[in-house]
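All of these numbers come straight from a predicted model, not from anything done at the bench.
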Amino acid sequence: MKRWLGVAALALLTGCATLMKEPPYVVGIWGGPHIAVAFQGAFGEVRFDCATGTIDGLVMAAQGGAFSVRGVYRAGATGPIRVGQRFIAQTATYSGEVVKDVMTLNVELEDGTLLGPFTLTKGTPPTLASCL
C-alpha cells in the first residue's frame with residue numbers, strides 16, 4: 001500500500017512540475033521605447049507610437065533566440081477609432097531574437113519598409129508617444 005501511495009505522490013509531483021514550466025513560445029507583456037507587444041495564446045497584439053499590428057502565430061525562438069513570424073501592420077493613430085478614420089494595412093514579417101527577458105524586434109513591411117530595431121523587456125510598460 002505504501003508503495004502505491006509513493007507512486008501516486010510521484011505522479012502528482014511530476015504533473016505539477018510539468019504545469020509550472022515556461023511554454024516553448026513567447027508569452028506575456030513586453031514593452032520598450034515606441035512599442036508594446038502583448039502575447040496571448042498564439043497571437044500578439046502590437047502597438048507602436050502611430051500604428052498597430054498583429055503577430056499572427058506563435059513566436060518560437062530557435063536555439064540562439066532567433067525568430068521570424070508573419071503578421072499585419074496598420075498605419076494610423078492608436079487609441080479610440082474616430083469616425084471616418086482610415087487604416088492602411090499591409091502584411092509584415094516580425095523578426096528578431098529573444099534572450100532571456102529581452103527581445104530585439106524588427107518589422108519588414110510588404111512594401112520593403114524596415115522598422116526597428118526595437119528593444120523590449122518582458123513585464124516592462126512601453127513608452128509610447130501620442131499620435132494625432
Side-chain angles (χ1 to χ4, degrees):
M1 182 67 165
K2 287 183 181 181
R3 181 176 178 193
W4 288 109
L5 287 174
V7 171
L10 181 60
L12 285 173
L13 289 174
T14 302
C16 290
T18 302
L19 291 176
M20 297 177 85
K21 287 183 181 177
E22 283 286 321
Y25 49 88
V26 177
V27 296
I29 306 296
W30 296 70
H34 312 290
I35 191 167
V37 182
F39 291 100
Q40 295 181 19
F43 301 101
E45 178 185 346
V46 186
R47 290 185 300 135
F48 301 90
D49 288 340
C50 296
T52 61
T54 58
I55 295 174
D56 299 338
L58 292 172
V59 173
M60 304 280 287
Q63 186 171 355
F67 67 89
S68 180
V69 65
R70 303 283 291 168
V72 176
Y73 175 88
R74 287 179 292 283
T78 59
I81 298 172
R82 299 181 182 112
V83 174
Q85 183 174 355
R86 301 185 73 186
F87 293 95
I88 299 171
Q90 53 183 310
T91 58
T93 300
Y94 293 86
S95 62
E97 69 177 14
V98 177
V99 178
K100 296 189 181 185
D101 289 344
V102 177
M103 176 189 301
T104 302
L105 181 68
N106 297 289
V107 184
E108 182 175 358
L109 307 183
E110 68 181 79
D111 68 6
T113 302
L114 300 174
L115 307 173
F118 299 98
T119 301
L120 301 95
T121 304
K122 187 174 185 179
T124 299
T127 51
L128 297 172
S130 63
C131 183
L132 301 174

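Both Leu120 and Leu115 are assigned to one and the same hydrophobic cluster, defined by single-linkage of ILVMFWY side chains at heavy-atom distances under 4.5 Å.
Every residue two or more places apart in sequence or in another chain that forms a side-chain hydrogen bond (donor to acceptor under 3.5 Å, both in side chains) with Thr113 is listed here: Asp111. Not counting sequence neighbours, the partners of Thr93 by the side chain to side chain contact (heavy atoms under 4.5 Å, CB included) test are Ser68, Arg70. With sequence neighbours excluded, no residue forms a ring pair (Phe, Tyr, Trp, His ring centres under 6.0 Å) with Tyr94. By the side chain to side chain contact (heavy atoms under 4.5 Å, CB included) test, Ala89 pairs with Val72, Arg74, sequence neighbours left out.
Considering Pro126, Ser130, Pro125 as possible partners of Leu128, the one that fulfils the side chain to side chain contact (heavy atoms under 4.5 Å, CB included) test is Pro126.
The list of ring pair (Phe, Tyr, Trp, His ring centres under 6.0 Å) pairs with a residue in residues 96-115, not counting sequence neighbours, is empty. Judged as a ring pair (Phe, Tyr, Trp, His ring centres under 6.0 Å), not a single pair has a partner in residues 49-71 (not counting sequence neighbours). Residues in residues 96-116 take part in no ring pair (Phe, Tyr, Trp, His ring centres under 6.0 Å) pair, two or more places apart or across chains. Note on residues 55-64: pairs passing side chain to side chain donor-acceptor pair (under 3.5 Å), not counting sequence neighbours, are Thr54-Asp56.
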For residues 33-43, please give each side-chain donor-acceptor pair under 3.5 Å, one per line with the distance, not counting sequence neighbours.
| unit_1 | atom_1 | unit_2 | atom_2 | d |
| --- | --- | --- | --- | --- |
| His34 | ND1 | Asp49 | OD2 | 2.6 |

Which atom pairs, one a donor and one an acceptor, fall under 3.5 Å between side chains of residues 101-110 and the rest of the protein, sequence neighbours left out?
| unit_1 | atom_1 | unit_2 | atom_2 | d |
| --- | --- | --- | --- | --- |
| Glu110 | OE1 | Thr91 | N | 2.7 |
| Glu110 | OE1 | Thr91 | OG1 | 3.2 |

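Side-chain contact check for Val27 versus Lys122: some heavy-atom pair is nearer than 4.5 Å. Put simply, the side chain of Val46 reaches to within 4.5 Å of the side chain of Ile55, judged on heavy atoms.
Summarising the local packing, CD1 of Ile88 is surrounded by 12 or fewer heavy atoms from other residues, nucleotides or ligands at distances under 6.0 Å.
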Legend entry - Derivation of the side-chain contact (heavy atoms from CB on, under 4.5 Å) call for Trp30 and Val59: CA-CA 13 Å; Trp30 296 70; Val59 173; over 6 Å; no
